[in-house]
Amino acid sequence: MELVAVIDFETTGLSPAQGDRATEIAAVLLRDGKVVDHYQSLMNCGVAIPSYIEELTGISTAMVRQAPPAAEVMRQVADFVGSHPLVAHNASFDCKFWDAELARIDRRRHQEFACSMLLARRLLPQAPSHKLGVLVDFARLPVAGRAHRALADAQMAASLLSYLEDELRRRYKLREVSHELLRKIQKAPRSQLDQCLERHQRGGLAAR
DNA sequence: TGCCAGGCCCTCTTTAGGGCCTT
């Protein structure tokens with residue numbers, strides 16, 4: 001598979017539209033199931049961290065006040081990621097913050113997101129839940145560090161993505177699993193997953 | 001004062017409701 005960037009944000013809440021801001025970002029570059037590089041930084045967005053968020057993430061107002069400005073961090077991570085396809089766990093969440101924080105520095109996203117949670121719902125319907133930590137435990141993947149810190153979560157999402165790609169290759173005898181195929185699968189109705197992959201195989205894309 | 005997201009997905013559905021998942 002081509003190089004992809006798996007990202008994870010820690011934030012002050014759930015919605016940039018409601019004024020929530022990013023407090024930490026991590027991106028790991030994944031190629032053929034191996035992490036080849038990573039970026040991580042706390043970021044100072046100039047707002048206080050709600051106490052329940054500090055309890056969840058361990059990230060305090062004092063910590064982000066000592067961090068580089070959010071604009072500087074976003075420029076760095078956007079340059080680090082470049083034009084590589086993006087992946088996140090529950091990507092709709094990270095996509096909102098990625099786009100909102102980029103907009104603040106007058107930059108725009110030029111690539112699509114794939115979502116490891118939507119893929120896991122289709123490929124691992126038997127998992128007890130589709131939270132990142134539960135899936136990592138279910139698939140017996142290594143725990144990268146403290147949950148709800150950006151780098152650990154990005155590394156675990158990358159491990160999960162590799163596991164899901166292996167499952168796709170094994171079950172459907174695919175030579176290669178592209179980002180484009182992941183996006184097709186995550187959009188396919190669960191009941192039509194097999195038909196989706198059969199169409200893909202017939203199209204010859206699997207052998208490329 | 002009270003409330004505060006949003007997309008996905010299932011079902012006792014589709015003229016809807018509610019749980020899941022992210023912080």
Side-chain angles (χ1 to χ4, degrees), chain A residues 5-28 40-65 67 70 73-74 77 86-104 109 112-139 141 143-161 163-164 182-196:
Chain A
V6 184
I7 72 159
D8 186 77
F9 275 109
E10 302 306 317
T11 72
T12 61
L14 296 175
S15 173
Q18 299 294 317
D20 293 321
R21 295 294 308 274
T23 59
E24 186 180 41
I25 175 77
V28 302
Q40 176 274 329
S41 183
L42 289 165
M43 48 206 280
N44 183 1
C45 51
V47 302
I49 310 291
S51 58
Y52 71 96
I53 293 289
E54 180 176 343
E55 192 171 330
L56 178 72
T57 65
I59 298 171
S60 66
T61 300
M63 288 167 68
V64 295
R65 281 186 177 159
V73 172
M74 286 307 300
V77 72
L86 292 164
V87 179
H89 195 71
N90 197 8
S92 65
F93 173 84
D94 292 277
C95 182
K96 282 187 302 185
F97 279 93
W98 182 260
D99 289 350
E101 294 293 343
L102 279 189
R104 289 176 175 272
R109 173 170 55 90
E112 299 290 349
F113 271 89
C115 177
S116 56
M117 185 188 75
L118 295 180
L119 291 167
R121 280 180 177 172
R122 284 160 178 75
L123 296 170
L124 303 174
Q126 72 277 31
S129 90
H130 296 91
K131 295 178 183 177
L132 179 58
V134 171
L135 288 166
V136 164
D137 182 58
F138 178 78
L141 300 170
V143 175
R146 187 195 198 284
H148 296 299
R149 286 302 300 264
L151 183 57
D153 281 1
Q155 287 172 330
M156 289 191 286
S159 294
L160 175 62
L161 178 67
Y163 178 87
L164 295 172
L182 295 180
R183 284 183 51 79
K184 279 186 188 174
I185 293 169
Q186 74 181 37
K187 287 179 181 175
R190 285 192 210 187
S191 59
Q192 295 175 24
L193 180 61
D194 286 347
Q195 295 92 316
C196 172

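Side-chain atoms are counted along with the backbone in the values below, which use heavy atoms only and exclude waters and symmetry mates.
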(Q) For nucleotides 7-14 of chain B, give me one character per nucleotide, 5' to 3': B if any protein heavy atom sits under 4.0 Å from the base, S if the only such contacts are to the sugar-phosphate, - if neither. (A) -BSS----
If you measure from the [atom1] atom in [N] to the same atom in [M], how many Å do you get, rounded?
N: B/dT23; M: B/dG6; atom1: C1'; result: 13 Å
N: B/dG18; M: B/dC4; atom1: P; result: 14 Å
N: B/dT14; M: B/dT22; atom1: C1'; result: 27 Å
N: B/dT13; M: B/dG19; atom1: C1'; result: 15 Å
N: B/dC12; M: B/dG17; atom1: C1'; result: 11 Å

Tell me: [atom1] of [X] to [atom2] of [N], nearest whole Å?
X: A/Asp153; N: B/dC21; atom1: CG; atom2: P; value: 15 Å
X: A/His89; N: B/dC20; atom1: NE2; atom2: C1'; value: 10 Å
X: A/Leu160; N: B/dT22; atom1: CG; atom2: P; value: 11 Å
X: A/Phe113; N: B/dG6; atom1: CZ; atom2: P; value: 17 Å
X: A/Leu56; N: B/dC21; atom1: CG; atom2: P; value: 15 Å
X: A/Ile25; N: B/dT23; atom1: CD1; atom2: P; value: 11 Å
X: A/Met156; N: B/dT22; atom1: CE; atom2: C1'; value: 14 Å
X: A/Glu10; N: B/dC21; atom1: CD; atom2: P; value: 17 Å

Tell me if a side-chain donor or acceptor on [X] pairs with a main-chain N or O of [Y] at a distance below 3.5 Å.
X: A/Arg65; Y: A/Asn44; result: no
X: A/Asp153; Y: A/Ala147; result: no
X: A/Asp20; Y: A/Leu14; result: yes

Q: Could you grab the distance from atom CD1 of A/Ile49 to atom CZ of A/Arg21, nearest 0.5 Å is fine?
A: 10.5 Å
Q: List in chain and number order the residues that pass side chain to side chain donor-acceptor pair (under 3.5 Å) with A/Ser116, two or more places apart in sequence or in another chain; answer none if no residue qualifies.
A: A/His89
Across the strands shown, which category fits [X] at heavy-atom distances under 4.0 angstrom: base, sugar-phosphate, nothing?
X: A/Asp94; value: nothing
X: A/Thr12; value: nothing
X: A/Phe9; value: sugar-phosphate

Is there a side-chain polar atom (N or O) of [X] under 4.0 Å from OP1 or OP2 of [N]?
X: A/His130; N: B/dC21; answer: yes
X: A/His148; N: B/dT23; answer: yes
X: A/Ser129; N: B/dC21; answer: yes

Q. Could you give all pairs that pass the salt bridge (charged side-chain N to carboxylate O under 4.0 Å, His left out) test and reach residues 116-137 of chain A, with sequence neighbours left out?
A. none
Q. Under 4.0 Å between a Lys/Arg side-chain N and an Asp/Glu carboxylate O for A/Arg149 and A/Glu24?
A. yes
(Q) Students often mix this up, so state it plainly: with edges at 30° and 60°, are the rings of A/Phe113 and A/Trp98 parallel, tilted or perpendicular? (A) perpendicular
Q: For the side chain of A/Gln18, starting at C-beta, report the closest nucleotide among B/dC21, B/dT23, B/dC4.
A: B/dC4
Q. Pick the nucleotide of DNA chain B nearest each of A/Ser15 and A/Lys131; which residue has the one closer to the 5' end?
A. A/Ser15
